[in-house]
Amino acid sequence: MKRLLNAAFAATTGISVWAASVAHALPEQGGVGMVPAGSALAEEVQFFHNGVLLPIITVISLFVLALLIWVVLRYNRKANPEARKFSHNTMIEVLWTGIPIIILLVISLPSFEVLFKDGITPDGKQVVSRGDGQTVDFVFPNDFPESRMVSRAGHLQVILDDGSSRTVLKHKRDYTVDGWGERDLVVSLDNPAPSGTSVIIRGGRSTQNVSGCPMAKRYFDGCEKEVVLAPTMTLKVNGYQWNWQYSYPDFGDFDFFSNMLPEDQTTPELYRFEVDNRVVVPVGETIRVTITANDVIHSWALPNFTLKIDAVPGRINETWFRPEREGIYYGQCSEICGVRHSFMPIAVEVVSRPEFEAWVDSQRALAGLEPMFDTDKVKLAQAADADAAAE
């Protein structure tokens, strides 16, 4: 049965998955399917479309088509010259009311989960300790609000990092936890962490599937979950007619405007996508985005991260994303904001943490500010190796 479901799932979603795998970060002329996902949450949104909505839509469309053909052939004037004189059929009326309700329930359950993850900015945190070859007990401060406290195994991750590789430990197989729902959790390893190994404990209610989980595995909810850490930085976005203003309040509050490059300064493929000043963010870290507008309503949209949030004058909206892969991702304003609406592209460049910090210092220099990071010792955040974080 499981094989048949996998085969059916692959058949209904194969075209869109294939198209996404060969596409690039830009919309493709005549392309089918979504652009490649740049984050784990975007993968979940795409799975919801390809694995839940698309099969349901296909089955309903084929059923309605078959029903129409059957009605036309069976109940036309020639085949059925004398019409029947009844107006009710209790069984049919129960079915056409009950079945749509069941379909809506099947759609709503995964959609609520995705909407919740998208709408709640993660607040997870991590504690890094150094193994000494003897210690097995490690404390994780569970100092979240009561409604967000770590209360079960799905809210906690324990990782061992030896500097060259990471091992995710399994609850009850490799470690146990005392004090679920209390202010301090005690994580007890079955075996002491080797000397020099970093013990990383991540906790929080914000969880998501590990990036890269196969579609068929998602279908049976067999993906490993990971805790999403709280944002390490805030990106402030302000929409203008017709460009974007960006600022980085965590790094000196420098700001810059981002304008579309003229046609003669870019390639035909990137025209109306490339800009003179890209947004730069570090890979593997949670980015908070706050957005508003200066004049009319705009919309900041990045399809690779399934982001689309309105920029409304006099109001601050908030969203978040966590890029999983380095690269350049493009979007456009998705709200008709005036005659030059189509000339408001968005370009986000995802780089490593050292590259990001070098870029921050270059922007601070342009703003007349002192460097923020020591070039001899790079300050690392979520995407750092555990050795540096434990120092």
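Asp361 places no side-chain N or O within 3.5 Å of a backbone atom of Pro371 that could act as its donor or acceptor partner. Panel note: side chain Gln241, backbone Cys337; a donor-acceptor pair is recorded below 3.5 Å. Not a single donor-acceptor pair under 3.5 Å links the side chain of Asp161 to the backbone N or O of Ser198. Of the possible donor and acceptor atoms, none in the side chain of Glu224 sits under 3.5 Å from a partner among the backbone N and O of Val210. A donor-acceptor contact shorter than 3.5 Å is absent between the side chain of Asp178 and the backbone of Val186. Under a 3.5 Å cut-off, the side chain of Asn50 and the backbone N or O of Phe47 do not form any donor-acceptor pair. Using a distance-only test at 3.5 Å, with no hydrogens or angles considered, no donor-acceptor pair links the side chain of Arg202 to the main chain of Leu156.
Results of the side-chain contact (heavy atoms from CB on, under 4.5 Å) test with Tyr330 over Val275, Asn304, Leu270 single out Leu270 as the only residue that passes. Looking at Trp244, Tyr240, Trp242 one by one, the single match for ring pair (Phe, Tyr, Trp, His ring centres under 6.0 Å) with Phe257 turns out to be Tyr240.
Within the model, atoms CZ of Arg322 and CG of Leu229 stand 7.0 Å from one another, a figure rounded to the nearest 0.5 Å. Atom-to-atom distance recorded for Asp123:CG and Arg148:CZ is 4.0 Å, nearest 0.5 angstrom. The structure places CD1 of Ile101 at 11.5 Å from OG of Ser108, a figure rounded to the nearest 0.5 Å. One distance of note links CD of Gln208 with CG of Asp118; it measures 11.0 Å at 0.5 Å rounding. Note that the CG atom of Leu105 and the CG atom of Leu109 stand 6.5 Å from one another [nearest 0.5 Å]. Here the NE2 atom belonging to His298 is positioned 11.0 Å from the CD1 atom belonging to Ile346, to the nearest 0.5 angstrom.
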Worked verdict on Arg74 versus Asn80 for side chain to side chain contact (heavy atoms under 4.5 Å, CB included): CA-CA 7 Å; Arg74 175 66 181 82; Asn80 191 48; 4.1 Å; yes
Stepwise side chain to side chain contact (heavy atoms under 4.5 Å, CB included) check, Thr232 with Asp250: CA-CA 9 Å; Thr232 57; Asp250 302 302; over 6 Å; no
Side chain to side chain contact (heavy atoms under 4.5 Å, CB included) between Gln245 and Asn294, intermediate numbers included: CA-CA 10 Å; Gln245 182 188 28; Asn294 189 65; over 6 Å; no
Asp162 and Thr197: CA distance, side-chain angles, deciding distance, side-chain hydrogen bond (donor to acceptor under 3.5 Å, both in side chains) verdict: CA-CA 5 Å; Asp162 61 6; Thr197 299; over 6 Å; no
Working for side chain to side chain contact (heavy atoms under 4.5 Å, CB included), residues Phe321 and Ser39: CA-CA 7 Å; Phe321 68 104; Ser39 67; 5.5 Å; no
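Between Glu357 and Arg364 there is no salt bridge, since none of the side-chain N atoms of the basic residue sits less than 4.0 Å from a carboxylate O of the acidic one. Note on Glu285 versus Arg353: salt bridge recorded, some NZ/NE/NH1/NH2 to OD/OE distance being below 4.0 Å. Glu43 and Lys117 are not joined by a salt bridge, as no carboxylate oxygen comes within less than 4.0 angstrom of a charged side-chain nitrogen. Between Asp143 and Lys125 a salt bridge is recorded (basic side-chain N to carboxylate O distance below 4.0 Å).
No continuous path of hydrophobic side-chain contacts links Val128 to Val228 [ILVMFWY only; heavy atoms under 4.5 Å]. In terms of hydrophobic clustering, with Ile, Leu, Val, Met, Phe, Trp and Tyr side chains grouped at heavy-atom distances under 4.5 Å, Val279 and Tyr329 are assigned to a common cluster. At a threshold of 4.5 Å between side-chain heavy atoms, the hydrophobic network of Ile, Leu, Val, Met, Phe, Trp and Tyr places Ile291 and Leu307 in one connected group. The hydrophobic clustering, which links ILVMFWY residues whose side-chain heavy atoms are closer than 4.5 Å, places Ile201 and Leu160 together. Residue Leu261 is not grouped with residue Met344 when hydrophobic side chains (ILVMFWY) are merged at heavy-atom distances under 4.5 angstrom, including chains of intermediate members.
Heavy atoms only, all atoms of each residue included: Ala42 and Thr306 are closest at CA-OG1, 3.6 Å. Of all non-hydrogen atoms in Thr292 and Gly314, the two that sit nearest each other are OG1-N, 4.0 Å. Nearest heavy-atom pair, Gln363 versus Phe254, reported as atom, atom and distance to 0.1 Å: CB-CE1, 3.5 Å. The two residues Phe48 and Ile107 make their nearest non-hydrogen contact at CE1-O, 3.5 Å. Nearest heavy atoms, Gln46 versus Pro36: NE2-C, 4.1 Å. Arg325 and Ala37 make their closest contact through NH2-O, 2.7 Å (heavy atoms, listed as atom of the first residue, atom of the second, distance).
Geometric assessment of Arg340 against the ring of Phe343 yields a positive cation-pi assignment under the 6.0 Å and 45° thresholds.
Taking a 6.0 Å sphere around CD of Glu93, one finds it holds more than 12 heavy atoms contributed by other residues, nucleotides or ligands. Counted within 6.0 Å of CD1 on Ile336, heavy atoms from surrounding residues, nucleotides or ligands total 12 or fewer; the atom is thus considered open. Within 6.0 Å of the CZ atom in Arg77, the count of heavy atoms belonging to other residues, nucleotides or ligands does not exceed 12. Shown here is Gln265, whose CD atom has more than 12 heavy atoms of other residues, nucleotides or ligands within 6.0 Å. The 12-atom threshold is exceeded at CG of Leu67, counting heavy atoms of other residues, nucleotides or ligands nearer than 6.0 Å.
Counting heavy atoms from C-beta outward, Glu274 and Pro345 have side chains that stay 4.5 Å or more apart. Side-chain atoms of Ile200 and Arg166, non-hydrogen and from C-beta on, do get closer than 4.5 Å to each other. Between Val289 and Trp300, the closest side-chain pair of non-hydrogen atoms falls below 4.5 Å. Counting heavy atoms from C-beta on, the side chains of Gln126 and Gln157 never come closer than 4.5 Å. The shortest side-chain heavy-atom distance between Pro303 and Met34 does not fall under the 4.5 Å cut-off. Two residues are said to be in side-chain contact when any heavy atoms from C-beta on lie closer than 4.5 Å; Met233 and Ile287 meet this criterion. Residues Phe144 and Val150 are in side-chain contact: their nearest non-hydrogen atoms beyond the backbone lie under 4.5 Å apart. Glu326 places a side-chain heavy atom less than 4.5 Å from the side chain of Ser352.
Under the 3.5 Å distance criterion, with hydrogens and angles disregarded, a donor-acceptor pair is assigned to the side chains of Ser188 and Asp137. Residues Arg130 and Thr135 have side chains that never bring a donor and an acceptor to within less than 3.5 angstrom of each other. Looking only at atom types and distance, the side chain of Asp132 has no donor-acceptor partner in the side chain of Ser195 under 3.5 Å away.
Using the six-membered ring where Trp is involved, Phe256 and Tyr246 have ring planes that are tilted, between 30° and 60° apart.
Ring centroid separation for the pair Phe251 and Phe356 comes in under the 6.0 Å cut-off.
Under the side-chain contact (heavy atoms from CB on, under 4.5 Å) criterion, Leu95 pairs with Met91, Ile99, sequence neighbours left out.
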